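In what follows, a single structure is set out as structure tokens and then discussed.
If you're wondering where the values come from, they're calculated on a predicted model, not measured in any experiment.
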Amino acid sequence: MCASTLHGSGGYGIAIDRQSAERRFGAAGEQLPRYLADWAVMDQLVLMFVILFAAIFAEPLGKRLGIASAVLMTVFGCVVALVPFAPRINIPPDLILPLVLPPLLYAAARRTSWRQFAENWLLIALRAVGLVAATAAVVAFVFHAWYPGLPLAAAVALGALVAPPDPVAATALAGRLGLPRRLVVVLGGEGLFNDVTAIVIYGVAIQAVVTGRFSAPHAAAEFVISAVVAIAVGLVLGWAGSRLTNYLAEATWQVALSLLLPFAAYGLAEAWHGSGVLAVLVCALYLTDAVTEFGDSDYRLVGTAFWDIIEMLLSGFAFGLIGLELGAVLDATGGDWPRLLGGAAAVVAVVVGLRLVWLMATWAIGQTWWRSSRADEPYTWRETIVTWWAGMRGVATVALALAIPFITDDGADFPGRTEILFTAFVVVLFTLLLQGTTLPFVVRLTGVHADTQRERELERQLWERVIKAELARLKEIAAAEQLPDDVYERLRDGLRQRMARADPQAADADAESAAARNLRLAKKLRVIRADIIDAGRREALNARREPGMPPDLVDRVTRRLDLGTR
């Protein structure tokens, strides 16, 4: 009997007896495997949409529970993975990083700047380079000692892929917990740049296992070339992107270009043997600083909303995928997974323990430098504890683990692939599900929180500068245009009232005395104005349903009404 087996990407096999299918379904029975393949693909698409829907609702649920949405999505993925009849998403591992990492890195880099990186370069370098390299070395030593039959290079590959904490989960939860800004900046900088070090070490180790050859000078040269190529690609694309953004007139065109740039930077750098991650970061930092000089309000509003949506959906999908891959890992290990728990627990202890030792040591050594450079913001041991517990692993670790080859150049199985894959997932699940859920408790226990009074003072000072600049410009215009006194006074009072609405304490003495009255009046006028505009908006939307009324014309009028309510 001729039987063919369709192994769909859902990870399960469907045995099909072709003769039985022909007897039961007639001529259509011969086409049944193709239909089943189509059905398997449809199941995966449905599951992908389910994950994306879950990513949306994980945000408000995470805020209510005080847990990072990345943690909730990982739990959701694990639950789905353990459902016997649920399909499994089969994304080629070598596509996970190029598809997911560039936009996530770009979105995260938009929230920082070269100046913030320069101010904290030493702390970021000690963690993104020093700690990652140290973690890779110590994990490799422990893992090789636990499995002495494995090549040391395979153990180094494991150390490299579990070394970098994930920037998305840590910074999202850090910002939500009200941590000091300097702590969030350093956590974000570490998360953005540590992937560069980890991926380079990982690539060298994998190449040594696959080819059986390793040269320390060649590896060092490759590291330097990778960084130089990445920086060059990032700067060139950042410069070209800023010029093109300035040339494009519509905000939607500008934002569409910003979506393509990180993929271009990653792809070009990787094609020329550079670091795609570093190229994306350099491009994003350059472009973020450049567009502030010419970007208009439409670009900022549309771009911010667009990248917030992209980051929410992609990060939710990525962490949901982490949980879903649990099923594939269990399938790979079979019933042998209890034997692997000991080695995985040893690696988890190294990853978590070494981070604490490293951070406490660098904090103790760096106290003199820190206090001399930023005496008003000393880095405390309590903040070091929070930083330690915020070292959650995520997308890069899973993608690199799944991308380990199955065979070497001589046709043999990649040594220890199952052990490495299982250990990597244990590290990710431990750090995400345990550290991620208990980080709020650690923050409360240590008493670390942002200095809200100082931030309010900085905001007040900034509002003062803004209003002074606007008043100075108003005087110039009044003198040049010879504005009537009543018009000038009306415009000046409007500026002061806006100051009082934004921050009554930041207003000058005259406006401050009338701040309460102006604020109440402004609120009442804003409500009335919004109500009036809403009536006009409803009339415009009613006209959209009328025959002969162009919808795009109505949308243009509605957009202007919406902008008028800001």
Side-chain angles (χ1 to χ4, degrees), residues 48 51-52 54-56 58-59 62 68-74 77 89 91 93-112 128 161 164-176 184-185 187-199 230 234 237-238 255 258-267 269-270 275-285 287-288 303-325 390-403 428 431-432 436:
M48 289 177 63
I51 295 174
L52 292 174
I56 297 173
E59 291 293 325
S69 58
V71 176
L72 296 178
M73 288 304 301
T74 305
I89 296 178
I91 299 178
D94 55 347
L95 290 182
I96 295 177
L97 283 180
L99 290 178
V100 174
L101 210 53
L104 287 180
L105 289 173
Y106 189 89
R110 291 178 75 251
R111 294 190 293 268
T112 186
L161 64 89
D166 186 88
V168 178
T171 54
L173 192 55
R176 191 172 298 167
V184 178
V185 169
L187 275 174
E190 175 194 5
L192 288 173
F193 286 93
N194 58 19
D195 286 344
V196 178
T197 309
I199 291 175
L237 281 182
V255 175
S258 73
L259 175 62
L260 296 182
L261 284 174
F263 292 105
Y266 189 96
E270 289 290 327
S275 169
V277 173
L278 183 57
V280 172
L281 294 177
V282 172
C283 177
L285 291 173
L287 193 62
T288 300
T304 300
F306 174 82
W307 280 106
D308 285 347
I309 294 171
I310 290 293
E311 186 175 21
M312 176 187 66
L313 292 178
L314 271 184
S315 61
F317 177 79
F319 285 98
L321 185 63
I322 290 175
L324 286 174
E325 292 296 343
M392 295 168 280
R393 274 56 178 176
V395 179
T397 297
V398 172
L400 293 176
L402 294 174
V428 170
T431 56
L432 273 178

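In this structure, E270 contributes its side chain and G276 its backbone to a donor-acceptor pair below 3.5 Å. A donor-acceptor distance shorter than 3.5 angstrom exists from the side chain of T197 to the backbone of A128, with no hydrogens or angles considered. In this structure, the side chain of T431 engages the main chain of V428 through a donor-acceptor pair within 3.5 Å.
Scanning all heavy atoms of the two residues, the minimum distance from L314 to V100 falls at CD1-O, 4.4 Å. What you find for A396 and D166 is that their closest heavy atoms are N-OD1, 4.5 Å. Closest approach of G238 and L287 over heavy atoms only: O-CD1, 3.7 Å. Nearest approach of M73 to A58, heavy atoms of both residues: SD-CB, 3.9 Å. The two residues A269 and A279 come nearest to each other via the heavy atoms CB-CB, 3.6 Å. When all heavy atoms of A70 and T74 are compared, the pair lying nearest together is O-OG1, 2.8 Å.
T304 contributes atom OG1, which lies 12.0 Å from atom CZ of F306 (distance to the nearest 0.5 angstrom). Interatomic distance, L237 CG to C283 SG, rounded to the nearest 0.5 Å: 5.5 Å. The distance from the CD atom of E325 to the CG atom of L402 is 5.0 Å, given to the nearest 0.5 Å. Rounded to the nearest 0.5 Å, atoms CD (E190) and CG (D195) are 10.0 Å apart. Residue I199 holds its CD1 atom at 10.5 Å from CG of L161, rounded to the nearest 0.5 Å.
Proximity of M392 to P165: side-chain heavy atoms (C-beta onward) are nowhere separated by under 4.5 Å. Counting only heavy atoms from C-beta outward, the side chains of L259 and W307 approach each other to under 4.5 Å. The side-chain heavy atoms of F193 and L278, taken from C-beta on, include a pair separated by under 4.5 Å. Using a 4.5 Å heavy-atom cutoff, the side chains of I56 and M312 are in contact. The shortest side-chain heavy-atom distance between I310 and Y106 does not fall under the 4.5 Å cut-off. Here the side chains of I51 and L321 are not in contact, with every heavy-atom distance at 4.5 Å or above. Looking only at side-chain heavy atoms (C-beta outward), L104 and S315 come within less than 4.5 Å of each other.
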Q | Steps toward side chain to side chain contact (heavy atoms under 4.5 Å, CB included) verdict (F319, L72) | A | CA-CA 9 Å; F319 285 98; L72 296 178; over 6 Å; no
